[in-house]
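Both counts, for ligands and for their atoms, begin at 1 and track the order of listing.
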Amino acid sequence: MTDERKNVLKRMNELVEAISYHDRKYYVDDDPEISDFEYDMLVKELEGLESDYPDMMFPESPTQRVSGEPLDEFPQVEHGLSMLSLDNCYSPEELREFDQRVSKWLEGESVEYVVELKVDGLGIALIYEEGMLVRGATRGDGRTGEDVTSNVKTIRSIPLRLAPGSALAGAEVRGEVYMPTESFSRLNNEREEAGLTPFANPRNAAAGSIRQLDPRVAASRPLEAVFYSLSHSDGPMPSTHHQCLDALRQSGLRTCPHVARFRSIGEVLDHIMAWESRRDTVGFEVDGMVVKVDSLDQQTRLGHTAKNPRWAIAYKFPPKQMTTKLLEIRVQVGRTGALTPVAVLEPVEIGGVSVSRSTLHNEGEVRRKGLMIGDQVLVERAGDVIPQVVKPIVERRTGDETEFVMPTHCPACGSETAREEGEAVRRCVNASCPAQVKERLLHFCSRDAMDLDGIGPSLIDQLVDSELVDDAADLYSLSPSDLTGLEGVADRSSANIVAAIDSSRARGFERLLFALGIRHVGATTARDLARAFGDIDAIISAPEDELSKVPGIGAVVASSVRQFFDRTENLSLVERLRGQRLNMTASNPRSGPLEGKTFLFTGELRSMSRQEAGSLVESLGGQVASSVSKAVDFVVAGENPGSKLANARKLSKKILHEEEFLRVVKAD
Ligand code: IVH
């Protein structure tokens, strides 16, 4: 090998090691040492060398996380050691019985227990050989799983190479792949914006993502992983479970956060009870706690049954799922005419909230789930999402259930409905259908749009029914006397509502663009379009291919925007809004005193809504993030901040209180 190649190889190795080290600091230790910029520079340098010397590339290079072609199916793999599942218990008494069984088997020896969070995702097993990740497989039925190595490699918190000095050169480790709740909500919002059916819960989203045949799709999904067991090591095994966890951590594998060790079942129970009310604070779904005998020698002596180890048990928290009766399926008409079947349920309390409605998305979903009216159904409330009907309990059918038939005519105006090819949704074709008019107005007034919070469904119903308002532009010619006398509007509030409508003329252009209710254009897309084109006229005259050149705007969105502005009634609405002096030009977003700074808001602010604070940051050239990440520079903490604040503290982010934030915005 020439000296030059030797030097390149040495530098490549240094870079791979440095990047893995910083990945570890960031993902495993939550304690990053370098800035995003410095990290990106390391990756860029490595990419440069790899493109000049492709034959010398390291297979475990961090640039190779997304690789491989889409598959037709996953190869099956057999687990060397079966992946057992856990016995469950639901009450302190049952947990005490578990402790008594353990004690009996061990003939009264003293036992230490390790207690971990039970992460609600899906089990995976990773194999490392000579420190390199060689295989990732799903649990499957416990004996045989699927080889999802390419997808596992896309998860940034999973090391492709174990940390130098790791005691585990060759090992099998087991853990859970999951989707954090915030990422899950964001993914579902994006899916809804794109007309796709959202996932019912973070577990389904994680399972669907890790089983994606195209690794590029898997890479785009916000998956994370934690590890809770060292099932095999080529080297000497530690003597306790908690030492195994230490070894995993030292090797650069993330372990379950909040692991604790106790000498008695009483302490274990106190700990579990304290966690039951904290389960929503960790940022991912926790469906219980796992109690494990710490000593591996005792574990071996306890052994296992056909399905479960005798040395561990899951204490399950009350489920966020309940069964209830599906009383009726109502069909609602949305602002784009979409007919949405909605489940009307016998009210049931899930996780402290009464649930009586749940969207069924479209007729295909009703069919796919096999729902019949009158069914007992399983309903779930997971993450921050709206409740979802998971499935019917077919075993509990009585024969009195009836099939749901999607109406062929609009339930609001009686017009015909149509389903475009390739679309899951049926729509009412009448643009002046009163249900559509009302929904469009509600959307226009909604929080992320023009934020007219004095105008709710009941007022809109009355305004449309009395023909005072036909579309958004009409709102701007209302006078207080038009509103006085309407149900729920006091004399004084009619003036306030008109004043609020008046002041909304100055809202940012991106909000107006979102408020127009163009299909597939959510708040983020509206902002991207507004920034890219600068004003409404540039968007109105842009051909489809110009629109789709904007990063983040795909063919579907571009075509939908084009179709919207090709319709004369929409153009005339824009003209009438312009006549009402609404803001149709973007403020210059990229330059400003906060340029390059990203803010994250958590909790409630006293002086303004989070939306307003976000717009303020953006108007000064800054950006707003929705979750804690490397990119965030400042976290603004209002009252009752959520788990984001705790995460931000862990990552040593600069935290600003409201007063400090106001000073920053004003000083800049
Ligand atoms: S230990 C032999 N620890 O729960 C026992 N499992 O219902 C191996 N899970 O299949 C499992 N968090 O996928 C263990 N801290 C934890 C866990 C955990 C989640 C999952 C795992 C397992 C399932 C059993």
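- When hydrogens are left out, the protein atom nearest atom 20 (C) of ligand 1 is Glu176 OE1, 3.3 Å; that is the closest non-hydrogen contact.
- Checked for salt-bridge contact, Glu365 and Arg368 meet the test: a charged N lies under 4.0 Å from a carboxylate O.
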Task: Residue pair Phe184, Asn204: steps toward the side-chain contact (heavy atoms from CB on, under 4.5 Å) verdict - done: CA-CA 10 Å; Phe184 165 71; Asn204 287 4; over 6 Å; no

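- Salt-bridge annotation for Lys292 and Glu116: present, with a side-chain N of the basic residue lying under 4.0 Å from a carboxylate O of the acidic one.
- Residue contact annotation: His304 has no non-hydrogen atom under 4.0 Å from ligand 1.
- Side-chain polar atoms of Tyr178 and Glu224 form a donor-acceptor pair below 3.5 angstrom.
- Side chains of Ser295 and Gln299: no donor on one and acceptor on the other come within 3.5 Å.
- The protein non-hydrogen atom at the shortest distance from atom 1 (S) of ligand 1 is Lys292 NZ, 3.3 Å.
- In terms of polar-atom proximity, Tyr228 is counted as a contact of ligand 1, with an N or O under 3.5 Å from an N or O of the ligand.
- Residue Gly123 has at least one heavy-atom neighbour below 4.0 Å for each of these atoms of ligand 1: 13 (O).
- Among the atoms of Asn88, none of the N or O lies under 3.5 angstrom from an N or O of ligand 1.
- Of the N and O atoms on the side chains of Ser20 and Glu17, not one donor lies less than 3.5 Å from an acceptor on the other residue.
- Residue contacts with ligand 1 for Leu86 involve both N, CA, C or O and side-chain atoms from C-beta outward (heavy atoms, distance under 4.0 Å).
- Geometrically, ligand 1 and Pro309 share no nitrogen or oxygen pair separated by less than 3.5 Å.
- Of all protein heavy atoms, the one closest to atom 12 (N) of ligand 1 is Val119 N, 3.1 Å.
- For the pair Leu117 and ligand 1, the shortest N or O to N or O distance falls below 3.5 Å.
- Trp105 carries Arg310 over the face of its six-membered ring, with the cationic atom under 6.0 Å from the centre and within 45° of the normal.
- From the protein, the heavy atom lying nearest to atom 8 (C) of ligand 1 is Leu84 O, 4.2 Å.
- Looking only at protein heavy atoms, the nearest one to atom 15 (N) of ligand 1 is Glu116 OE1, 2.7 Å.
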Open item on the list: Apply salt bridge (charged side-chain N to carboxylate O under 4.0 Å, His left out) to residues Arg174 and Glu172 and explain how you reach the verdict.
Closed with: CA-CA 7 Å; Arg174 292 179 175 176; Glu172 191 192 70; 2.8 Å; yes

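- Note: Phe317 and Tyr315 have perpendicular aromatic rings, judged against thresholds of 30 and 60 degrees for the angle between ring planes.
- Each of the atoms 3 (N), 15 (N), 16 (C), 17 (C) of ligand 1 lies under 4.0 Å from some heavy atom of Val290.
- Contacts of Arg174 with ligand 1, taken as heavy-atom pairs under 4.0 Å, are absent altogether.
- In Lys118, the parts holding a heavy atom less than 4.0 Å from any atom of ligand 1 are both the side chain and the backbone.
- Residue-ligand proximity: Cys256 is placed with a non-hydrogen atom under 4.0 Å from ligand 1.
- Remark: Arg156 fails to qualify as a cation-pi partner of Tyr27 under the 6.0 Å distance and 45° angle criteria applied to the six-membered ring.
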